[in-house]
Number of protein chains: 4
Amino acid sequence: MQNIVILAGNIGQDPETRNTQSGTSITHFTLATSRPRYSEGKVVRDKDGYRVQDTEWHRITAFNGLGKTIQQHCEKGMKVLVRGRIHYTKWTDQQGVERYGCEIIAETVDFLSRAKQTQNEDGKFIDDDDIPF
Amino acid sequence: MQNIVILAGNIGQDPETRNTQSGTSITHFTLATSRPRYSEGKVVRDKDGYRVQDTEWHRITAFNGLGKTIQQHCEKGMKVLVRGRIHYTKWTDQQGVERYGCEIIAETVDFLSRAKQTQNEDGKFIDDDDIPF
Amino acid sequence: MQNIVILAGNIGQDPETRNTQSGTSITHFTLATSRPRYSEGKVVRDKDGYRVQDTEWHRITAFNGLGKTIQQHCEKGMKVLVRGRIHYTKWTDQQGVERYGCEIIAETVDFLSRAKQTQNEDGKFIDDDDIPF
Amino acid sequence: MQNIVILAGNIGQDPETRNTQSGTSITHFTLATSRPRYSEGKVVRDKDGYRVQDTEWHRITAFNGLGKTIQQHCEKGMKVLVRGRIHYTKWTDQQGVERYGCEIIAETVDFLSRAKQTQNEDGKFIDDDDIPF
DNA sequence: TTTT
DNA sequence: TTTT
């Protein structure tokens, strides 16, 4: 049954891609979504008059082709819209403590800012077919 | 910017509600979403021929009025559709280790199964106005 | 840029499938979504005390494989969850008047009720691999 | 049951607001969402090498406070993210022909471009509290 | 821990 | 035209 996430926000760090032994490539980046804090129906401001924002930092994971497109065309600061699903992870850390994590597996990514252009080794720009807009 | 989650699944345990010192009530329940596992584009089956499902267990939080409606009308096994947002939490456990969590703050809940009816102390059923269908 | 629709509701009529000359198959069904009517923050009731519902009837279109799964496993009255996108259509009617329509192109359909089972010509049930749960 | 729409796109014309006799204010604007056309899994290009886009023009309706915020801070060309629901309308035109329409009732609007600033009659900028970011 |  |  459906597990759908839609996030529009800003990329926190340049994406990173690694390859697994099985040949799958995995791309990670972080995405900030913010919303103004409300208290009793009113916007909350700090002492300098700026609105207080609550920011959530999401860890986004993309595989293979979508991951490569992200690696080539996304960078820190870009605004993107991610559609995907929530996935929870569990592992044991070096102290033997059980740890839990949560990530968003991306299924589509739309660029809300101008996409970064990446040149290939031969100096040509990567084929725009990869850019989903 | 938008942080939207839509989950359709089954409730794992009866909801629990507690009240904070500030007068806010907080209701929690767990929700299972499942999807068939695919490998190379094909459904994966176990040795008995049943499809393998990957289940994600989400922790859902609802406040005040919505939480009370959930407490009164939801129970283990019911199918619901939750719309909400992702919220990450961080705390220090009793061993002094930093821990991270993830929960879904519910904004609406639709009942996809028949809602549980709860009687008040006077034996009357709680007003259906609370039930969102 | 994203155009995402998520609808949970009841199927109004058995789905219908037709084939185009180009070999694409197109499946249509209607889906009702309802919400209680509110006025000044309160549920509205009719003279018999029943809550007034506002129902929207959506026209859903699915192509090829997804359409065939719907044709085989969905019927009038079933509850489904559709994810898709809005598409507007325009045509000229027999009186030469320009007409506009709106349909939801389904990308995924989850069954929230028990799926209908369809027997093949040889009396066997269609392979469950088609059923998305 | 849920009827959720999420659209990210560009505003086609400056919003327009009118007031009904009952005191409700209604704001309308149009929003374009585009997606590259695919044929047999490949991007389609026109004779000049540009990708062919399919654009859907959505009619967005917002009421009262949300509508006023849109009127004050949105203009043609801005990028926005709308969350809302689909609503179908029916009316009889001047020739007595039954006509059908479809609109998106906005529940939230996020600005993906810099919001337009509007001055009040006294020359002051409208309170930023209205801007949802 | 749910469900089909 | 569905459903509760």
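Lettering of chains follows the sequences in order, A, B, ..., and the numbering in each one begins at 1.
Listed candidates were E/dT4, E/dT3, F/dT2. Nearest to the side chain of B/Gln53 is E/dT4. Nearest nucleotide to the C/Thr55 side chain, out of E/dT1, E/dT4, F/dT2: F/dT2. For B/Ser34, the listed nucleotide lying nearest its side chain is E/dT2; candidates were F/dT1, E/dT2, F/dT4. The nucleotide whose nearest atom lies closest to any side-chain atom of C/Gln13 is, among F/dT2, F/dT1, E/dT1, F/dT1.
A perpendicular orientation is assigned to the rings of B/Tyr88 and A/His58, their planes being inclined by more than 60° (bins at 30° and 60°).
If you take CZ of C/Arg35 and P of F/dT4, they are 21 Å apart, rounded to a whole angstrom. Here the C1' atom of nucleotide F/dT4 and the CG atom of B/Leu112 are 12 Å apart, to the nearest Å. Atom NZ in C/Lys76 sits roughly 13 Å away from atom P in F/dT4 (whole-Å rounding). To the nearest angstrom, P of F/dT2 lies 18 Å from OH of D/Tyr88. If you take OH of D/Tyr100 and C1' of F/dT1, they are 13 Å apart, rounded to a whole angstrom. Distance C/His58 NE2 to F/dT3 C1': 13 Å, rounded to the nearest Å. Whole-Å rounding puts the C/Lys79 NZ to F/dT2 P distance at 13 Å. If you take CD of D/Gln2 and C1' of F/dT2, they are 17 Å apart, rounded to a whole angstrom.
Counting distance only, with no hydrogens placed and no angle test, the side-chain atoms of C/Thr30 and the base atoms of F/dT1 include a donor-acceptor pair under 3.5 Å.
For C/Trp57 and F/dT1, the ring-to-base geometry satisfies the stacking test (centroid distance below 5.5 Å, interplanar angle below 30°).
The backbone N or O of C/Lys90 sits nowhere less than 3.5 Å from a side-chain atom of C/Glu98 that would complete a donor-acceptor pair. A donor-acceptor distance shorter than 3.5 angstrom exists from the side chain of C/Asp14 to the backbone of C/Lys76, with no hydrogens or angles considered. Not a single donor-acceptor pair under 3.5 Å links the side chain of D/Asn3 to the backbone N or O of D/Arg85.
Contact record, D/Ile4 with C/Leu7: N-CD2, 4.4 Å, taken as the closest heavy-atom pair.
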